[in-house]
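Everything on this sheet refers to the single structure shown next.
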Amino acid sequence: MKIIVEAQGTLLKVSQKLDVPYREQRRTSTRGAIKGFSAKSRIRLLQLVARLRIIKKLHPTFLTLTYGKTFPDCQTAKKHLWNFIKRLRRRSPEVFSCIWRLELQDRNAPHFHLIIFNMPFIHKATIQKLWAECVSEQYWDYSAEEVRYPFTRIEAIRNHKKLCCYVSKYIAKKDDASPEGDASSCGFNNEPYLSAQKITGRLWGVINKAMLPFAKISQVVIDYDKKWYREFQDMCRQIWNGIEDDSGFHLYTSNPYSVTYILSKRFVEKFKIPIVSEVHESLRILPCEPCPF
DNA sequence: TTACGGTGGCGTATGATCGC
DNA sequence: GCGATCATACGCCACCGTAA
């Protein structure tokens, strides 16, 4: 077995690679349809965000898109979102990228949270108009005397702390009141999904992943040995004490690179363990048009 | 000419299931 | 309860026809 230690952004991921191919160990099965925001799905989303690095020149932006009093089902809403994203992308097709998250309000109305990178400057009113044009008029806001476009919220993300704040508050938010079960074990409130029985498909996704601002990556692969791995885990427990013996783990820390550095220097020297492979890639910064934010 | 939405095919995020 | 792995449901994207 090999141990893969990976540092990127604020993520430290330690995983185990088995020597025996897993294919030989398991029997085949058919996966079911997507019914909700599972704990694993949430972890994948959090890990993805942790791998990013927020740089002002990429104009990271947080955007919320909603519907009026009447609202469509999730499939139709996704169609609206996709048309909206296509319109945005046409304004900067090469570098535009985003992470989207579908959420249901208590009234079962779908709405979207987006983290956008490299979006050209567009006035809030224009964005609201774009979204209104992508949804049909029946979903506009008729609650006031005059008909209004559906509500949209746009805000610049100025640093990684702000991004984490958004992610925990909106993108991967927890709700302690949710019932037991796999889908709710992540803390997500599935009540609206289950009662609506309309939810189909994924609840988050990435547009133009290749252009996301991933932080530099540092990866070290070493053959497993109980001696060094136990000591390595003890070191990592200084960051987070919840790591279990001999298992893989992941944790979020401001400087995960110091862990891979110590591993590839001190541990290798102390325990005389050969490194199987070592990769250090620097952050890719993409060109972008200036923005008045 | 440009912007738009629809669509087919490929790639990947997901659920199922395993061992630990 | 966790991480690892795999098959596959469905998202992503290039391309196309249509409308203005």
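Proteins come first, then strands; the chains are lettered A, B, ... in the order of their sequence lines, and each starts at number 1.
Contact annotation: the side chain of T61(A) never approaches that of I157(A) to less than 4.5 Å [non-hydrogen atoms, C-beta and beyond]. Within the 4.5 Å cutoff, no side-chain heavy atoms of Q219(A) are placed close to those of V5(A). When side chains are defined from C-beta on, I207(A) does not count as touching L114(A), because their heavy atoms never get closer than 4.5 Å. The closest side-chain heavy-atom distance from Y257(A) to L12(A) is not below 4.5 Å. You'll find the side chain of V268(A) stays beyond 4.5 Å of the side chain of L263(A), heavy atoms only.
The distance between atom CG of L88(A) and atom P of dC13(C), rounded to the nearest whole Å, is 14 Å. For the pair I3(A) CD1 and dA4(C) C1', the interatomic distance rounds to 12 Å; values are reported in whole Å. The nearest whole Å value for the distance from the CD1 atom in I207(A) to the P atom in dC13(C) is 6 Å. Rounded to whole Å, atom C1' of dC20(B) lies 13 Å from atom CD of Q233(A). Rounded to an integer number of Å, the gap from I85(A) CD1 to dG11(C) P is 12 Å. Rounded to whole Å, atom C1' of dC4(B) lies 13 Å from atom NZ of K79(A). Residue F84(A) contributes atom CZ, which lies 16 Å from atom P of dA3(B) at whole-angstrom precision. Atom CH2 in W131(A) sits about 12 Å away from atom P in dG5(B), given to the nearest Å.
Between H250(A) and G205(A), the residue anchored closer to the 5' end of DNA chain C is H250(A), taking for each the nucleotide with the nearest heavy atom. Mapping V14(A) and W204(A) onto DNA chain C via the closest heavy atom, the residue that lands nearer the 5' end is V14(A).
Between H80(A) and Y67(A), the ring-plane angle classifies as tilted under the 30° and 60° cut-offs.
Note on residues 253-277 of chain A: pairs passing salt bridge (charged side-chain N to carboxylate O under 4.0 Å, His left out), not counting sequence neighbours, are E231(A)-K270(A).
Listed nucleotides dT14(B), dG6(B), dC13(C) differ in distance to N83(A); the shortest reach to its side chain belongs to dG6(B). In this structure, the nucleotide among dC12(C), dG5(B), dT14(B) sitting nearest to the side chain of W100(A) is dC12(C).
Listed pair S15(A) / dG3(C) fails the phosphate criterion, with no side-chain N or O lying under 4.0 Å from OP1 or OP2.
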Heavy atoms under 4.0 Å is the rule here; annotate nucleotides 14-20 of chain C 5' to 3' with B where the base is hit, S where only the sugar-phosphate is, and - elsewhere. -------
